[in-house]
Amino acid sequence: MVQEHTALTVALEQLKIAAEKLNLNKGLYEILKRPKRSILVSVTIKMDDHSIGVFDGCRVQHWDVLGPFKGGLRYHPNVTLDEITALSMWMTWKSAVVGLPYGGAKGGIACDPKKMSIGEQERLTRRYVSLIADYLGPHRDVPAPDVYTNEQTMAWIMDTYSQLKGYSIPESVTGKPVEIGGSEGRICATSQGVSLCIREAAGKIGLKLKGAAVAVQGYGNVGYNAASILHYMGCKIVAVSDSCGGIYCAEGLNPYNVRVHKNKTGSVQGYEGSTNVTNAELLTCKCDILVPAALENQIMKANAGKIKARIVAEGANGPTTPEADRILYEKDVCLIPDILANSGGVTVSYFEWVQNLTREHWTLDEVNVKLEAKITKAFADVHKLSVKEESDMRTAALMLGVGRVSHALKTLGLWP
Ligand code: NAD
């Protein structure tokens with residue numbers, strides 16, 4: 001499929017729409033269009049075969065007027081500064097929409113972790129942290145997992161940062177394993193938030209979740225856990241996919257068994273009783289709820305008109321282009337935007353940070369109760385504003401996020 005956009009052109013177009021609706025001061029708009037700081041690094045490591053590996057990395061810190069920078073770290077061959085800048089901007093709005101005291105950031109390294117050993121991934125992570133350590137820290141910038149990084153990556157980040165400072169600093173990173181200060185519920189948090197938003201949206205449009213057909217694109221942390229939680233809530237998971245392609249089964253799939261198959265064979269494809277489909281076919285398959293949970297720019301002008309789902313819940317960041325947004329809105333599809341739908345991840349990351357700072361450990365029940373309260377309030381705020389503004393939910397969410405950040409920026413003023 002021809003790309004209509006880059007992630008950054010999407011993020012900038014979204015900001016433009018929100019700025020116009022908010023009648024935002026031109027100077028504030030110009031400030032928010034750019035990140036406060038972009039750090040480019042060359043991450044050089046010893047490879048297992050004794051050669052030298054050189055990888056381009058970056059950390060983009062968008063704005064921090066509501067609190068320290070916060071955002072994931074992505075390892076992917078196609079990582080670019082442009083993409084990471086867009087993702088950092090979405091983090092700023094996301095934290096503001098849920099009311100978290102954070103700014104937005106994102107990091108990335110252009111690499112293919114599938115082709116690297118664990119040792120190479122560890123050296124890559126530690127070297128990257130050593131290069132940007134001066135700009136990290138519990139009150140400066142707190143990384144978290146994203147595509148192809150996980151709990152283990154976060155443990156290496158915590159250890160490297162702590163070793164450089166000379167003492168243990170669990171609050172320097174979130175998404176860590178529970179044994180070293182991670183929060184209960186963090187692994188499932190993003191998908192828990194996606195599922196809560198779907199529940200709220202289904203209530204608004206009168207869709208019964210029991211038996212509702214769900215298609216999920218991407219079968220990693222967000223996609224797999226969303227499929228499992230929605231299955232548990234009574235939905236029928238009819239299609240799932242990963243980077244190799246997808247599978248469809250009208251009678252419904254068991255997410256756990258598909259996971260076992262993927263672990264064994266490397267892909268969801270070929271799962272017994274299902275039909276192989278492409279990722280493009282998955283997006284337009286017959287379903288009630290679609291959860292894109294892979295990468296950006298998946299739902300575009302070319303395929304938006306063919307989407308059959310009544311609810312699209314963006315587990316991924318930036319999966320829908322502005323043209324596709326308009327087409328879905330005209331088709332009366334309820335699109336729950338990324339900065340609301342996948343905000344459960346940063347919300348429980350915030351809980352983890354608070355637990356680390358206060359040296360407390362909350363139970364899973366405590367985490368889930370607090371998460372539900374934050375997500376349902378954010379959903380209600382966004383939905384109410386979309387009704388008032390007669391707009392789609394994305395525009396309403398952006399108005400809330402951009403509005404709160406620009407207000408803080410104005411109040412703080414510029415120094416000197
Ligand atoms: P992950 O690495 O755990 O999983 C990514 C999945 O996407 C894998 O199954 C991979 O096979 C699949 N994939 C990759 N390329 C694909 C393609 N072209 N088509 C279909 N599938 C493809 O990553 P994740 O943490 O689940 O992140 C997925 C999305 O969710 C990203 O957009 C990320 O920014 C967003 N997100 C993640 C979190 C989090 O807490 N992990 C929070 C908020 C948003």
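Throughout, numbering of the chain's residues begins at 1 and tracks the sequence. Small disclaimer: the values here were computed from a predicted structure and weren't measured.
For Thr160 (side chain) and Trp156 (main-chain N/O), a donor-acceptor pair under 3.5 Å exists by modelled atom type. The closest donor-acceptor contact from the side chain of Arg404 to the backbone of Ala96 lies under 3.5 Å. Side-chain atoms of His261 come within 3.5 Å of backbone atoms of Gln269 as a donor-acceptor pair (strictly under, hydrogens ignored). Glu352 places no side-chain N or O within donor-acceptor distance of the main-chain N or O of Arg186, the cut-off being under 3.5 Å. For the pair Lys308 (side chain) and Thr284 (backbone), a donor-acceptor distance under 3.5 Å is present. Between the side chain of Thr125 and the main chain of Thr153, no donor-acceptor pair closer than 3.5 Å is present. Asn356 places a side-chain N or O within 3.5 Å of a backbone atom of Gly181 that can act as its donor or acceptor partner. At distances below 3.5 Å, at least one donor-acceptor pair connects side-chain atoms of Asn276 with backbone N or O atoms of Gly270. Side chain of Ser191 to backbone of Val222: a donor-acceptor contact under 3.5 angstrom is found.
Atom CG of Leu100 has more than 12 neighbouring heavy atoms from other residues, nucleotides or ligands inside a 6.0 Å radius. The 12-atom threshold is not exceeded at NZ of Lys46, counting heavy atoms of other residues, nucleotides or ligands nearer than 6.0 Å. Applying the 6.0 Å contact sphere to CZ of Arg199 captures more than 12 heavy atoms from other residues, nucleotides or ligands. Enclosure of atom NZ in Lys16 is not indicated, since only 12 or fewer non-hydrogen atoms of other residues, nucleotides or ligands lie within 6.0 angstrom. More than 12 non-hydrogen atoms from other residues, nucleotides or ligands lie less than 6.0 angstrom from CG of Asn263. The environment of CG in Asn254 is crowded: more than 12 heavy-atom neighbours from other residues, nucleotides or ligands sit within 6.0 Å. Enclosure of atom NZ in Lys33 by more than 12 non-hydrogen atoms of other residues, nucleotides or ligands within 6.0 angstrom is indicated.
Remark: the Thr92 side chain and the His62 side chain contain an N/O donor-acceptor pair separated by less than 3.5 Å. Counting only N and O atoms by type, the side chains of Glu314 and Thr320 include a donor and acceptor under 3.5 Å apart. No donor-acceptor contact under 3.5 angstrom links the side chains of Asn150 and Asn221, judged on distance only. Side-chain contact of His5 with Glu13: a donor-acceptor pair under 3.5 Å is absent, judged by distance alone. Under the 3.5 Å distance criterion, with hydrogens and angles disregarded, a donor-acceptor pair is assigned to the side chains of Asn279 and Ser241. For the residue pair Gln61 and Asp141, a side-chain donor N or O sits within less than 3.5 Å of a side-chain acceptor on the partner.
Under the 30°/60° scheme for interplanar angles, the aromatic rings of His383 and Phe379 are found to lie parallel. The aromatic rings of Phe351 and Trp362 are tilted relative to each other, their planes meeting at an angle between 30° and 60°. Taking the six-membered ring where the residue is Trp, Tyr102 and Tyr350 present perpendicular rings, their angle passing 60° and hence far from 30°.
Nearest approach of Lys114 to Ser243, heavy atoms of both residues: NZ-OG, 3.1 Å. A pairwise comparison of heavy atoms in Tyr29 and Ala19 identifies CD1-CB, 3.7 Å as the closest pair. Minimum heavy-atom separation, Ile336 to Ala341: O-CB, 3.6 Å. In terms of heavy atoms, Ala144 sits closest to Lys70 at CB-NZ, 3.6 Å.
Of the charged side-chain nitrogens involved, none lies within less than 4.0 Å of a carboxylate oxygen, so that Lys384 and Glu389 do not count as a salt-bridged pair. The pair Lys106-Glu83 does not count as a salt bridge, with every side-chain nitrogen at least 4.0 angstrom from each carboxylate oxygen. We find that Lys262 and Asp242 are joined by a salt bridge, their nearest charged nitrogen and carboxylate oxygen being less than 4.0 Å apart. With respect to the salt-bridge test (charged N to carboxylate O, under 4.0 angstrom), the residues Asp325 and Arg394 qualify. Ionic pairing of Lys94 and Asp338 is not present here: no N-O contact between side-chain nitrogen and carboxylate oxygen is shorter than 4.0 angstrom. Between Arg359 and Glu171, at least one side-chain N (NZ, or NE/NH1/NH2) sits under 4.0 Å from a carboxylate O, which counts as a salt bridge.
In this structure, Leu335 and Asp392 have side chains that are not in contact, with every pair of non-hydrogen atoms separated by 4.5 Å or more.
Shown here are the salt bridge (charged side-chain N to carboxylate O under 4.0 Å, His left out) partners of Arg123, two or more places apart in sequence or in another chain: Asp48.
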*Assess whether salt bridge (Lys or Arg N to Asp or Glu O under 4.0 Å) is satisfied between Arg126 and Asp159, documenting all intermediate values.*
CA-CA 9 Å; Arg126 291 185 182 277; Asp159 185 63; 2.9 Å; yes
*From CA spacing to verdict: salt bridge (Lys or Arg N to Asp or Glu O under 4.0 Å), Glu390, Lys21*: CA-CA 11 Å; Glu390 297 180 352; Lys21 288 283 274 183; over 6 Å; no
